[in-house]
Amino acid sequence: MPATDEDVVRDLLHRYTAHVHPPVSIAVGVLARQRCRDRRRKVTSLAAAGAALGTAVGVFAAAGGHQTSATGGPGAAGRRWPAIRLTADQRVLYRLSSVAARQPQGQGRYAVMSTEGDDVKDTSVIDSLTGNMWSFQQGSDGSPSGKSFSAGYSPTSAQFAAMPTGLAALRVALIAQWDSQHKSAFAPLRSRASGTGAIPVPRPVTVSDDDKVFQQASDMLWNPLVSPALRAALYKVLAAVPGVEVNPSATDGTGRLATEISRVDSSGFPGGKSDGITYATYDNPATGAVLESTITYPPGSDIVTPQDPRGTSTVVDTTVYLGISWASSVPADPYGG
Amino acid sequence: MDRRQTRAFEEFAAESGAELLRIAILLTPDWHTAEDVYQETLQRLAARWSKVANPKAFCRRVMHNIVVDQTRARARRPHELRLFDSGERIDPCSADPQHAVEVWPSLRAALDSLTVQQRTVLVLRYLDDRSEAEVAALLGISVGTVKSTTSRAIARLRHFPGLAAVFTTTDIML
């Protein structure tokens, strides 16, 4: 029995909301959209890398004898790589590949990477032996805004170095990685959704193999742990993906000369509105390192803001890579936090 | 967001989703808007998941900011007339539909008459059971402001037509 006005208010608020439960589909949709937004920043999980490597080894063994076997893995059947006349865009990417291949591997256990995006400066420290990552942030007002630690965030240098660098095997490995990640991300959600009975099980994302290859390859390029050989192979794989556009005389957001590599992605939920998102990286033509990555959501995409709840404007999500250095120990918080 | 983070986010959404949606329902004018606010809050949390130390506090602050933004946006737009019934005359949670018909619209209207800050303070204090100091920290205001805002909000509810009787009876039948 409520005794005071405060008790009455408490009782009213609790009673009216006591049995409210959010639809599972909301969290499912959030995660699906987040996956699209994260593609530039996300690296492959350790389990996915292992699965992909396993698949790649099998395919590589088959491809090594110039056999086209249906058991070589998804997408491998019948695929050959004939000699081709390179287009202008492909020649730019092949030059980028040559430049990347000549870069020295970073010396030191820890890669220290400075980025900027959403008015937040970020310094990430990635352990090349364990994949652990420390992240320090500085807010737009110049004060430290947070730090975090993620165990096993990135594949290790050794795991990247173990990935195939042959184009056919690498393409198949990237597709297998995508499939593995997608399966592991959606399995618990589908399981939970099906357990509730009334809520429909989320349908899978529809993505072409070319979408998968571009997403995975461009996901890796920013990572400083990627070996020069793998980086070089990734540029060549990108050169073979239909729909890739290359602008060799672009500049990034800070005015640095860059090679822009972009592609309009066609993936999305069946019937969803996420088609037409453009992913782009701006790469240093002298080193092959990523200077900036952007995701451009066209009008009508699922990305909305409080100011634009209908999503009628173009939204550009940008990450600028300011610099990479190497250290033998985890440095102190550069922002004094 | 890697697989481990996805799983942690999913667990957070499963554990705290109902709490968050309850808060959203009481902060917004209708259920549809509440679901939109809830979804936008989760979206912003997902975008910064690896950087957020306290997801619950982050969500409450973000939810408040979204509601403030929406309120300002609505104020700038021409007034809209509802062409159809919102279907919220009856509280779906109530065990007594008759009383629900009487009290729920009044409570909804009473909450709509409050400022966003008053509404947020009430919800955080009495639905979320946060202390005055916690509410002050979450909203970036002083404890004294929390106290005075709470007092004024309760006074407004107490004298709102349709709710006055609730505050004077010794038992609430919803």
Side-chain angles (χ1 to χ4, degrees), chain A residues 1-3 5-24 26-31 33-35 37-38 41-48 118 120 122 133 135 137 145-148 150-154 181 184-185 188-189 192 303-307 309 317, chain B residues 1-7 9-10 13-14 17-18 20-23 25-26 35-36 38-40 42-43 45-53 65-66 68-70 72-73 91-94 100 103-104 107-108 122-123 125-127 129 150 153-155 157-158 163 166-167 170-172 174:
Chain A
M1 179 185 298
D5 285 356
E6 290 189 336
D7 291 335
V8 172
V9 172
R10 184 177 287 110
D11 201 45
L12 278 172
L13 300 186
H14 275 279
R15 284 192 185 212
Y16 272 118
T17 58
H19 303 292
V20 169
H21 294 288
V24 174
I26 291 181
V28 171
V30 164
L31 279 171
R33 281 189 293 278
Q34 187 57 35
R35 188 181 190 287
R37 300 190 71 177
D38 275 352
R41 304 187 188 113
K42 189 171 69 64
V43 294
T44 56
S45 70
L46 293 174
D118 294 335
V120 175
D122 186 294
M133 186 184 77
S135 182
Q137 286 88 41
S145 62
K147 51 188 172 183
S148 60
S150 303
Y153 182 78
S154 164
Q181 289 174 2
S184 62
L189 296 174
R192 177 168 298 164
I303 304 302
V304 299
T305 63
Q307 291 76 26
D317 192 351
Chain B
M1 197 184 278
D2 61 21
R3 196 173 57 167
R4 191 175 307 171
Q5 290 171 329
T6 300
R7 193 160 50 238
F9 177 86
E10 195 193 316
L20 294 174
L21 185 57
R22 282 173 203 149
I23 294 173
I25 284 169
L26 291 171
E35 285 197 352
D36 287 347
Y38 168 70
Q39 178 175 273
E40 174 66 15
L42 284 188
Q43 193 72 63
L45 176 65
R48 291 167 175 77
W49 179 252
S50 63
K51 302 174 182 175
V52 173
N65 291 344
I66 293 171
V68 168
D69 288 343
Q70 287 186 343
R72 287 175 181 160
D91 167 26
C93 307
S94 175
V103 178
W104 177 237
L107 177 61
R108 185 58 106 178
L122 274 192
V123 171
R125 285 282 288 122
Y126 300 119
L127 178 73
D129 292 326
T150 306
I154 290 180
L157 293 188
R158 201 175 201 292
L163 284 186
V166 175
F167 282 88
T170 54
D171 194 10
I172 297 178
L174 295 179

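Order of the sequence lines fixes the chain letters, A, B, ..., with proteins taken first and strands second; residue numbering starts at 1 for each chain.
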Validation row: K51(B), D122(A) side chains within 4.5 angstrom (heavy atoms): yes

So do Q5(B) and Y153(A) actually touch side chain to side chain, heavy atoms under 4.5 Å? yes

Answer key: most heavy-atom pairs under 4.5 Å with chain A among V123(B), L20(B), I154(B), L157(B) is I154(B)

One option among I23(B), D129(B), V52(B) has the most heavy-atom pairs under 4.5 Å with chain A, and it is D129(B)

Evaluate R125(B) against L13(A) for side-chain contact (heavy atoms from CB on, under 4.5 Å), listing each step before the verdict. CA-CA 10 Å; R125(B) 285 282 288 122; L13(A) 300 186; over 6 Å; no

Do the side chain of R4(B) and the main chain of S150(A) share a donor and acceptor less than 3.5 angstrom apart? no

Within the side chain of H21(A), is there an N or O that forms a donor-acceptor pair under 3.5 Å with the backbone of L21(B)? no

Contact part of [X] toward chain A, heavy-atom cut-off under 4.5 Å: side chain, backbone, both or neither?
{"X": "D36(B)", "answer": "neither"}
{"X": "L26(B)", "answer": "side chain"}
{"X": "L127(B)", "answer": "both"}
{"X": "R158(B)", "answer": "side chain"}

If every non-hydrogen atom of A46(B) is compared with every non-hydrogen atom of V30(A), which pair is closest and at what distance? CB-CG1, 3.9 Å

Residues H14(A) and Y126(B): closest non-hydrogen pair is NE2-O, 3.0 Å

Could you grab the distance from atom CG of L163(B) to atom CG of L12(A), nearest 0.5 Å is fine? 6.5 Å

